[in-house]
Amino acid sequence: VIPALGQSSSAGAQGSNKLNMPLTLLTGKIGRQTNILGGELKSEYITASAYRSAQGGITWTRYNQYNWYKVERAETDRYWAGEAAAETRLAQMSAAGLEPIMVVHGTPGWAQAVQGAYCGPIAPQHLDAYGNFLFDLVTRFSAPPYNVKYYEIYNEPDVDPDLVEDYSPFGCWGDESDTEYYGGDEFGEMLRAVYPRIKQANPEAQVLIGGLLLECDYTHTYTPARNCAPSKFLKGLLTTGADSFD
């Protein structure tokens, strides 16, 4: 950096207002060092941004979201082409040296516990079907050219379906009528049903719960008042599914 700073003075004297400092000065072995820096690439720009992100020192990236309902439109009928774009993007991430976290989302109509809520809970009688789907998905995406190891199940699921749109990127497994767990226990039951199937497909796969929204802060006053009931979701999740994620 010191020589570069010296160059900036001479560059200024020559009338230039630009300083081109190679990123190698800041990141070392670009795209090769494992670190905790990551980012979520916008889906439609992954082709243009995957390699640039790796060059900038990013190691991790999150693919949000891969939709179950686009692949299994009828039970046991796999239509992988329904998420063909995701396959291309995940392969590009892996080829660029990024570690992708794959968010699996989207409940098909035939499996919905809350009709119309594609972001919502799965009816209990269809949890085995979801486990079978995840077994096939993990088998498919753990292999080259995707090389996915980390699977996030739904996204921010501690939201009631009535509070978001049907196709919301939020997981919407929350249940305002459940005063004890806000629906978190049902989410935990789902994890308990699918976790063994994911491990059967790839023992090295890592299962992540959907990052919780936890839209609550007891130390501040909001107008209008904010309801902190959704925070009970985590307690419910741990009550039934504490041993079913990594």
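It should be emphasised that the depicted structure is a prediction, and the values quoted were computed from it without experimental measurement. Side-chain atoms are counted along with the backbone in the values below, which use heavy atoms only and exclude waters and symmetry mates.
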For G236 and Y181, work out which heavy atoms get closest and say how close. CA-CD2, 3.4 Å
Would you mind reporting whether Y63 and V148 have side-chain heavy atoms less than 4.5 Å apart? no
Where do T139 and A201 come nearest, in terms of heavy atoms and distance? OG1-CB, 3.4 Å
Rounded to the nearest 0.5 Å, what separates atom CE in M93 from atom OG in S49? 7.5 Å
How long is the span from the CG atom in D175 to the CG atom in D185, to the nearest 0.5 Å? 8.5 Å
Once side-chain contact (heavy atoms from CB on, under 4.5 Å) is applied, do any residues pair with A123, and if so which ones, sequence neighbours excluded? A113, Q125, H126
Judged by atom type as modelled, is there a donor-acceptor pair below 3.5 Å linking the side chain of N155 to the main-chain atoms of P169? yes
Examine distances only and state if a side-chain atom of W173 and a backbone atom of F233 form a donor-acceptor pair shorter than 3.5 Å. no
With heavy-atom distances below 4.5 Å as the criterion, would you say the side chains of L137 and Y66 are in contact? yes
Between E204 (side chain) and K149 (backbone), is there a donor-acceptor pair under 3.5 Å? no
Do F133 and R197 have side chains that get closer than 4.5 Å, going by heavy atoms? no
Are the side chain of Q115 and the backbone N or O of Q112 linked by a donor-acceptor pair below 3.5 Å? yes
If hydrophobic clusters are built from ILVMFWY residues whose side chains come within less than 4.5 Å, do Y150 and F135 share one? no
Nearest-0.5 Å distance, CZ of residue F187 to CD1 of residue I122: 9.0 Å
Hey, is CD on Q200 packed in by over 12 heavy atoms from elsewhere, all under 6.0 Å? yes
Using the side chain to side chain contact (heavy atoms under 4.5 Å, CB included) rule, take Y182 and E176 through it: C-alpha gap first, then chi angles, then the decisive distance, then the call. CA-CA 6 Å; Y182 205 81; E176 287 189 309; 3.1 Å; yes
With clusters defined by side-chain heavy atoms of hydrophobic residues (ILVMFWY) lying less than 4.5 Å apart, directly or transitively, does Y69 cluster with Y130? no
Closest heavy-atom pair, L98 versus A50, reported as atoms and distance to 0.1 Å, is CD1-O, 3.8 Å
Heavy atoms of S244 and R192 approach each other most closely as OG-CA, 3.2 Å
Check for me, please, whether Y118 and L213 land in the same ILVMFWY cluster - side-chain distances under 4.5 Å, paths through other members count. no
Close side-chain approach of S43 and R89, heavy atoms under 4.5 Å: yes
Connected via hydrophobic side-chain network under 4.5 Å: Y51 and I46: no
Dump the intermediate steps for side chain to side chain contact (heavy atoms under 4.5 Å, CB included) on L191 and I209, then the final yes or no. CA-CA 8 Å; L191 290 176; I209 62 171; 3.5 Å; yes
Assess whether side chain to side chain contact (heavy atoms under 4.5 Å, CB included) is satisfied between Q206 and K199, documenting all intermediate values. CA-CA 8 Å; Q206 299 293 288; K199 292 294 188 177; 3.7 Å; yes
Go through the steps to decide whether L208 and F245 satisfy the test side chain to side chain contact (heavy atoms under 4.5 Å, CB included), and finish with yes or no. CA-CA 6 Å; L208 313 180; F245 62 92; over 6 Å; no
Per the disulfide bond (SG atoms under 2.5 Å apart) rule, what does the pair list look like for residues 128-188, sequence neighbours excluded? C119-C172
Nearest 0.5 Å, please: how far is CD in E83 from CG in L90? 9.5 Å
Give the cluster check for V164 versus Y167: same hydrophobic cluster or not, with ILVMFWY residues linked at side-chain heavy-atom distances below 4.5 Å. no
Does the side chain of S53 reach to within under 4.5 Å of the side chain of L41, using non-hydrogen atoms? yes
Going from CD on E186 to CG on L237, what distance comes out if it is rounded to the nearest 0.5 angstrom? 12.0 Å
Give me the atom names and distance for the closest heavy-atom approach of I198 to I153. CD1-CD1, 4.2 Å
Search all heavy atoms of V159 against all heavy atoms of L163 and return the closest pair with its distance. CG1-CB, 4.2 Å
Do the side chain of R62 and the main chain of V103 share a donor and acceptor less than 3.5 angstrom apart? no
Is it the case that Y195 and D246 place a side-chain donor and acceptor less than 3.5 Å from each other? yes
Hey, is the main chain of N147 close enough, under 3.5 Å, to the side chain of S142 for a donor-acceptor pair? no
So how far is it from M102 CE to F141 CZ, rounded to the nearest 0.5 Å? 4.0 Å
Looking just at side-chain N and O atoms, do R73 and Y79 make a donor-acceptor pair shorter than 3.5 Å? no
How about P121 and V114: do any of their side-chain heavy atoms sit closer than 4.5 Å? yes
